[in-house]
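Both backbone and side-chain heavy atoms feed into the values below; hydrogens, waters and symmetry mates do not. These numbers were taken from a predicted model, which means no experiment stands behind them. All chains are named by letter (A, B, ...) in the order of the sequence lines, taking the proteins before the strands, and each is independently numbered beginning at 1.
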Amino acid sequence: MPRYDFQRIEPKWQKFWDENRTFVTLNTPPTGAQGKLYVLDMFPYPSGSGLHVGHPEGYTATDIVVRYNRMRGKHVLHPMGWDAFGLPAEEHAVKTGTHPAVTTKQNIDTFRRPLKMLGFSYDWSRELSTTDPEYYRWTQWIFLQLYDTWYDPEYEWTGPDGKKRLGKGRPISELPIPEELASVRREPDGQSSVDSHKHQRADAPRSPEIRKYQDQHRLAYLSEAPVNWCPGLGTVIANEEVINGKSERGDHPVIRMPLKQWMLRITAYADRLANELEDLGWPDSIKALQRNWIGRSVGAEVDFPLASVRREPDGSPERPTSLNQGAHAPRSPVLRVYTTRPDTLFGVTYMVLAPEHPLVDSITTPEQRAAVDEYRRKASLKSDLDRTDLAKDKSGVFTGGYAINPVNGERVPVWIADYVLISYGTGAIMAVPAHDERDWEFAKQNGIKIVPVVQPTKDWLANNISKDVDCSNDMLGQIADEVIQEAGGIDHVDPIWFLGDDKTRTREVLVARLTSARQGNVESISEHFGRMSDLFDRPYCEVGTAINSGKYNGLPTAEFKAQITADLTAAGLGKEAVNYRLRDWLFSRQRYWGEPFPIWHELDEAGNPTGLMRADSAEELPVLHPHMEDFKPTGTPEPMLAKAPDAWLYKTAADGVKLKRETNSMPQWAGSCWYYLRFCDNQNSERFIDPALEKYWLPVDLYVGGAEHAVLHLLYSRFWHKVLFDRGHVTGPEPFGKLVNQGMILGEAELTAYQKGSGKGQGTSDKAEEADSSLALNPQPSTLNDFVTIKDTIESPDGEGRIHKDTKEPLTLVKLTAEQVEKSGSNLVLKGTDIVVESRSYKMSKSRGNVINPDDVVKEYGADSLRLYEMFMGPLEQVKPWSMSGVEGVSRFLGRTWRMFVDERADEVALHPAIQDITPTDDQLRTLHKTIKAVTEDIEKLSFNTAISRMMEFCNEFGTLEPRPRAVLAPFVQLLSPFAPHIAEELWELLGHRDSLSYAPWPTWDEQHLVESEIEIPIQINGKLRAKIMVPAGADAVTLQTLAAAHANIAPQLAGKQIVKVVAVPGRMVNFVVKEQEPDSDSR
RNA sequence: GCCGUAGUGGCGGAAUGGCAGACGCGAUGGAUUCAAAAUCCAUUGUCCCCAAAGGACGUGUGGGUUCGAGUCCCACCUUCGGCACCA
């Protein structure tokens, strides 16, 4: 009985593909190739727990595109590899003593097997792993490129892509050396460092001063700065890896502490990373996410001269330095701030320095010293989490110092407060409490005066009336008018009212007005809006017309900004400035299982570091890991590799200088930053990629992966690529052309219950959550038994069962079935109770127990069914819940397809006798060609779910038809093959073909066959459907109208009515616009 | 708060401004079977109507544009995701 036996078919074809090297892609295009296509999946981290259903989602999508294009004659590149450095393998090593390399190899094997089992047409000869020394050798080489590069923001050039650019990463040897350093080069002992310009080696004998100067400008540099130290992980991590003060991986607390770490100067590329997003074929949402992350803002830097500064012995106080700030150097001691609102300069009533700001010491007066030191000490202990938690609390201390407001000469007190961040802008702000929420809160809390400098507009008044005032939009406008009238004109509306002071008369008028508007209770409203400011959502307005601003009074905000920026620049008091939320990328980790740095530190006679560094040459790469037995973290910020044997750690250079290896390692992102390049040329031992192959294959034409990489991997990769581009190693500025993010697959929908009437509000999640816990604490014994909602459970420490979060009792989670609930209005209710039941899907997670294992699905339904189901669930980009019965649905479709070709009642597998070489009818051909067209276009649009539904329709039409014309069925197999390649190959073979279907030409459709002789046309009266008629396909508007008017249902309805207009669109519809004779209450 | 995404049957979802709900799941009825599974056929947005014929309503809410709106415009509500003391 030859049923659809995927367990026989699938391994058979996987073996066939393997043995015939069906999917190996040569680097030379085959003759007659229709161009190249590089389709890439985000390569996985091979975790020990194996494949997850999310993986095959994107992989199937790309596989369909690849198989389709292969059949269309494209020269396709479709590789797969492993992002295999990272913590889990190392943590496993700590537990078991197994070397991470061993674990990694095992994990890769457990990942490769299911990928092969799913029939993806990867070219496995291009497989790579970031942990392979032959791979990370080039990762280290690229690091050396970064190390050898400085960014010249002034450099104008034309790239190989023909576009003009401003700003370029250039070799460090081309960095101009300042005069004062250059003079040092001629050393007294005659050891000149006038180098040949051509071959500069990193360890060339130059003066230490120059070398340190260069080191400060490299794209890869060492910096002592507060970083995110995560004791739980035993390493520092990047800003991007910190979520709400906890580590992204493991959810461990993160504390900030100053450490010397490697940084990559990604901020130098911030502008280009933001601007060059524009032309990318990426989803707007991802572009927005990156733009947001880069966070470009335009404003001005303004210098406030200091009124009282304790002079240092050398005569000048230290000036703040910032990487972000430009070169204009003030002559006298100043406090430089960055602001996006230079138009509010006249409203500055205090200034704030970040506690870590270098000027704090010199500005603090002796009287304030103790308080300032105490505040700084406390602030330094705060983790980012604490700072976030206490966001509302605007604490701060007065330093005793004053600065002079450059626009009006006023003395402004200088405070320190931790709501100002050292890492953004200049680490200091001018505070304008009248027009900034944070400054306003701070001023209120510390009793600082508030000076409004922006006059509210009528629009502001209308738009900011409190949401508690329940009235129409018209009413809001009227209230605004009322305020203005009461004040005697918009210019007399005093902004101070909104800053908290009462304005009794106006308030009374408004309250009366509101009362009449909503027929409310006068007293309650009066009480509710006790003060004028309560009537408005915000106590300040941001944009409007200038007041209290001297000669600028009357200027609208935008003009004021432009004007005063120009004036400040002219006076040398400031300049326009751009700032980024993006920070430099913290690039070192303290772990073993990452790429070692190809860097040495020079030691002096006593063995102490001199602060000078040397890089390994390209020939010395790769820098391999030292052999180690003990993988326990040091527990301190001291890197794991510091425990390496001396042979690895130390060496003496040719010039006799003692060297010690850099013991940090690179973060996991390093390997994934450039793997798409290596796939083009993964065997090359001379270069990281052959230039000709780079030019041929790049950029990646389609890149598919999860949206969780929107700001990490995708930003880092673009950065590295741009550096390689600037240094002439790649030919394009961007690595990825079209990008698609597959949506996450959620677990199967679960029913959760909560008590009716509990909580407040309407059906909000808050309510459900509140109710959840009360249910768990007071289970209804007779009705719910041990039913407990998921919220109340946590994973037990051994990771096996689940326990109650409060009682720590083990729990059995009872899933409700559809039979246990009944409908009640729009809700579901647990039968016989007042428990409301909600259906919801959650992220798959081990602790929730809703993880679907692809292996199990393949065992039960086959790889083709899994592939087909994941594509049929819905649009690729969308988040969608898993449904096992959905898998059964597509599995049934494959069964029907099988039976369309194979007679299951026969004794062996053979073509169904109903399939005959007969001439198809026009209708049959139309169905076939419609299907070819639809499937083809849907694949092009990556609309796989609709493509599959088209094939289902085809199958529904021909599945049981007898006889079935072979000429119609054969192309269907080709259409199906990208989606369900195994069954397609099998059927293709049954149809008598000996070669793999993979290169059979994709079917084309003929418009001629799509033409229908008669079509159905809807007839509307006043836009409402009243009838349908069959008309000849080519019928013109007049014919349509005549036929429609004569229709048995339409004629009576038109009788005696005035036809105002007839809209007849040939091939589409007819609409009669009639006027009702009696103005009857025709309920619209 | 800011940026982004999405709201359509019992469910997943489909619809170049032109017949809302393709396709699938689920459900109901039937055929087949000793019976079941599997399979096949039919019905399936809600409501009015004994039923049919027919009709009314229907794409988050309120307006608007249009002969015609799920689709376009304005305002709002809600969901999900990201960022969040970024000056």
Determine which nucleotide pairs with B:rG7, using a 3.5 Å limit on both distances of a Watson-Crick or G-U wobble pair.
-> B:rC77
State the pairing partner of B:rA31; accept Watson-Crick or G-U wobble contacts with both distances under 3.5 Å, and report none otherwise.
-> B:rU39
Does B:rG21 adopt a syn or an anti glycosidic conformation, taking syn as a chi angle within 90° of 0?
-> anti
Is a side-chain N or O of A:Tyr869 found less than 3.5 angstrom from the main chain of A:Ser883, in a donor-acceptor match?
-> yes
If we take the P atom in both B:rG82 and B:rG10, what is their distance in whole Å?
-> 30 Å
Mate of B:rC83 where both pairing distances stay under 3.5 Å, Watson-Crick or G-U = B:rG1
Is a donor-acceptor contact shorter than 3.5 angstrom present between the side chain of A:Lys1061 and the base of B:rC67?
-> no
Determine the interatomic distance between P on B:rC73 and the same-named atom on B:rC83; round to the nearest Å.
-> 29 Å
Quick one: A:Lys1028 NZ to B:rA53 P, roughly how many Å, whole number?
-> 14 Å
Between B:rG13 and B:rU8, how far is it from one P atom to the other, in whole Å?
-> 9 Å
Determine the interatomic distance between C1' on B:rU65 and the same-named atom on B:rC72; round to the nearest Å.
-> 8 Å
Rounded distance (Å) that lies between atom C1' of B:rG13 and atom CE of A:Met873 = 11 Å
Distance-only donor-acceptor check, side chains A:Tyr4 and A:Thr897, under 3.5 Å = no
Determine whether the side chains of A:Ser297 and A:Asn579 contain a donor N or O and an acceptor N or O closer than 3.5 Å.
-> no
Spacing of the C1' atoms in B:rG9 and B:rG17 (rounded, Å) | 24 Å
